[in-house]
There are 2 protein chains.
Amino acid sequence: MNTIAKKQEGVDVSDSKGFVGGYLLYLLAAASDAASADFHARVRARGLKAPEWRILACLSDEDGQMVTQLAQLSLIEQSHLTKIVDQMAVKGLVKRRSDARDRRRVRVYLTDSGRLLGAELVEAARAHERSIVRQMRPGEAALLKEALKHIHALYRAGGGVPVALEETEETSR
Amino acid sequence: MNTIAKKQEGVDVSDSKGFVGGYLLYLLAAASDAASADFHARVRARGLKAPEWRILACLSDEDGQMVTQLAQLSLIEQSHLTKIVDQMAVKGLVKRRSDARDRRRVRVYLTDSGRLLGAELVEAARAHERSIVRQMRPGEAALLKEALKHIHALYRAGGGVPVALEETEETSR
DNA sequence: CGCAAGAATATGAATTCGCATGTTTCTGCC
DNA sequence: GGCAGAAACATGCGAATTCATATTCTTGCG
């Protein structure tokens with residue numbers, strides 16, 4: 001969903017006895033959506049859509065990445081990223097340049113204004129993150145990040161959690 | 001992105017010194033995407049799309065929810081949820097019935113086959129979750145879930161983290 | 001009662017997204 | 001050198017998603 005929060009009462013799931021309220025993947029998605037939607041309001045205020053911000057952030061970290069690389073990093077599908085880069089190029093935030101060594105590759109560079117806006121939003125993102133972390137218990141955020149990296153790592157480069165190790169519905173028979 | 005993982009080498013972000021690799025919202029999105037994409041493969045194998053699975057799961061927890069409620073819970077925007085329910089109704093997984101007390105409301109109920117498929121997938125989801133948790137340190141998963149609920153709670157019913165408490169870029173001047 | 005306001009859904013047009021595929025450019029090997 | 005095969009992007013198109021708005025029904029109140 002990931003859009004402007006409607007700020008209603010907000011149904012609380014997590015305290016119920018149902019499955020969903022305690023399901024890891026649900027909690028991940030819910031927390032991610034909620035927190036991101038909040039920041040995306042600020043991104044929109046700057047005239048960007050969420051995916052554009054992600055790209056800007058990734059390029060701020062490392063300028064001149066190739067499209068495929070950038071797509072993986074920014075969690076955007078390749079053909080889609082190509083289209084977003086188009087728009088951003090029109091807006092004057094980035095520019096393409098094909099790699100001299102390997103002309104199949106297209107590298108994406110920030111323009112000056114892209115770099116500026118990126119830096120500004122990264123700073124805002126940092127502040128936003130601090131405002132969240134400040135409301136957690138000391139050390140909780142660090143543990144959280146570690147756990148998230150851990151989960152993410154499980155699926156990188158492996159093609160997912162080894163299926164062989166998974167139980168089947170019949171296992172506990 | 002949230003689709004079928006391409007099982008490539010997978011660029012590792014988290015070890016880099018950049019901003020993104022340590023940014024909480026990024027880690028949340030990345031972990032959520034990666035883990036969910038894995039399970040969604042199984043959902044697809046059952047002929048469902050990801051959003052349909054979420055709805056099925058929510059209804060399995062509590063049948064007969066109203067559309068708005070269900071939308072919030074399943075993290076799907078309302079008008080979109082309406083359309084998905086349409087399709088699911090065609091597939092014979094759910095059926096609508098307008099609330100007798102308040103005829104503006106439409107309640108969504110599982111059909112028998114919907115309940116069956118839901119139960120099956122919930123079981124698969126539990127197994128999938130176990131396969132993840134098993135690869136974490138003892139207790140890590142519990143801490144993770146608590147932290148996620150915590151974050152989610154920050155944005156429920158409040159209209160987001162109190163902006164007044166947030167720093168501005170100038171604060172640390 | 002009769003109405004203004006608001007709540008709950010549905011609908012339609014406009015975007016965004018993702019999959020399949022085409023094109024161009026490398027690479028390894030014969 | 002010349003080719004088969006893979007890699008990296010771009011494109012086309014259909015499906016998914018969103019935003020704004022219409023519709024239907026309820027509620028509180030003058």
Side-chain angles (χ1 to χ4, degrees), chain A residues 1-9 11 29 33 36-37 40-41 43-44 47-55 64-90 94-109, chain B residues 1-9 11 29 33 36-37 40-41 43-44 47-55 64-91 94-108:
Chain A
M1 193 162 55
N2 224 12
T3 27
I4 304 152
K6 284 258 189 83
K7 308 192 176 175
Q8 297 181 25
E9 295 117 53
V11 178
D33 271 31
S36 289
H40 288 166
V43 171
R44 295 236 184 188
L48 292 185
K49 300 163 206 161
E52 293 176 322
W53 144 240
R54 273 184 261 166
I55 292 175
Q65 295 187 64
M66 40 181 286
V67 170
T68 306
Q69 197 183 145
L70 191 53
Q72 274 204 244
L73 219 59
S74 55
L75 309 174
I76 298 173
E77 189 265 341
Q78 180 263 313
S79 75
H80 185 206
L81 183 130
T82 289
K83 292 161 189 169
I84 298 176
V85 167
D86 283 344
Q87 305 178 51
M88 293 179 74
V90 172
V94 301
K95 54 175 183 278
R96 281 180 227 260
R97 194 186 309 161
S98 68
D99 190 301
R101 323 276 179 176
D102 186 338
R103 274 181 325 229
R104 291 172 302 180
R105 298 182 177 178
V106 171
R107 297 195 173 274
V108 184
Y109 295 88
Chain B
M1 193 162 58
N2 224 11
T3 28
I4 304 155
K6 284 260 188 85
K7 310 192 175 177
Q8 295 180 27
E9 296 118 52
V11 178
D33 270 32
S36 289
H40 289 167
V43 171
R44 295 239 182 192
L48 291 184
K49 301 161 207 161
E52 294 176 323
W53 144 238
R54 272 184 261 166
I55 292 175
Q65 296 186 64
M66 41 181 285
V67 170
T68 305
Q69 197 184 144
L70 192 53
Q72 274 204 243
L73 218 60
S74 55
L75 309 175
I76 298 173
E77 189 264 342
Q78 180 264 314
S79 75
H80 185 208
L81 183 130
T82 290
K83 290 162 188 168
I84 298 176
V85 167
D86 282 344
Q87 305 178 50
M88 292 178 76
V90 172
K91 290 188 185 180
V94 301
K95 53 176 184 279
R96 280 182 229 259
R97 194 187 309 162
S98 68
D99 188 302
R101 322 276 181 177
D102 186 338
R103 275 182 322 231
R104 290 172 302 180
R105 298 181 176 178
V106 171
R107 297 196 172 273
V108 184

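Just so we're on the same page: letters track the sequence lines, and every chain starts at 1.
With dG18(C), dC26(C), dA8(D) as the candidates, the nucleotide lying closest to the side chain of Arg103(A) is dC26(C). With dT26(D), dA8(D), dA10(C) as the candidates, the nucleotide lying closest to the side chain of Val67(B) is dA10(C). Closest to the side chain of His80(B), out of dA10(D), dA8(C), dA16(D), is dA16(D).
With Asp99(A) as reference, Arg107(A) is the one residue of Arg107(A), Arg105(A), Arg104(A) to meet the side chain to side chain donor-acceptor pair (under 3.5 Å) rule.
On a pure distance criterion of 3.5 Å, a polar donor-acceptor pair joins the side chain of Arg104(B) and the base of dA7(C). Side chain Ser79(B) to base dC19(D): a donor-acceptor pair is found below 3.5 Å. Looking at Gln78(A), its side chain has no donor and acceptor atom pair within 3.5 Å of the base of dA8(D). You won't find any donor-acceptor pair under 3.5 Å spanning the side chain of Lys83(A) and the base of dT15(C), going by distance alone.
Mapping Arg107(B) and Pro51(A) onto DNA chain C by nearest heavy atom places Arg107(B) closer to the 5' end of the strand.
Here the straight-line distance linking atom CZ of Arg54(A) with atom CG of Leu48(A) works out to 12.5 Å at 0.5 Å rounding.
Atom P of nucleotide dA7(C) and atom CD of Gln69(B) are separated by 16 Å, given to the nearest angstrom. A straight line from CD of Gln87(A) to P of dA10(D) spans 14 Å, rounded to a whole angstrom.
One side chain, Thr82(A) or Gln78(A), offers a donor N or O that lies under 3.5 Å from an acceptor on the other.
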* So Val67(B) and Val85(B), side chain to side chain contact (heavy atoms under 4.5 Å, CB included) or not? Walk me through it. -> CA-CA 9 Å; Val67(B) 170; Val85(B) 167; 5.8 Å; no

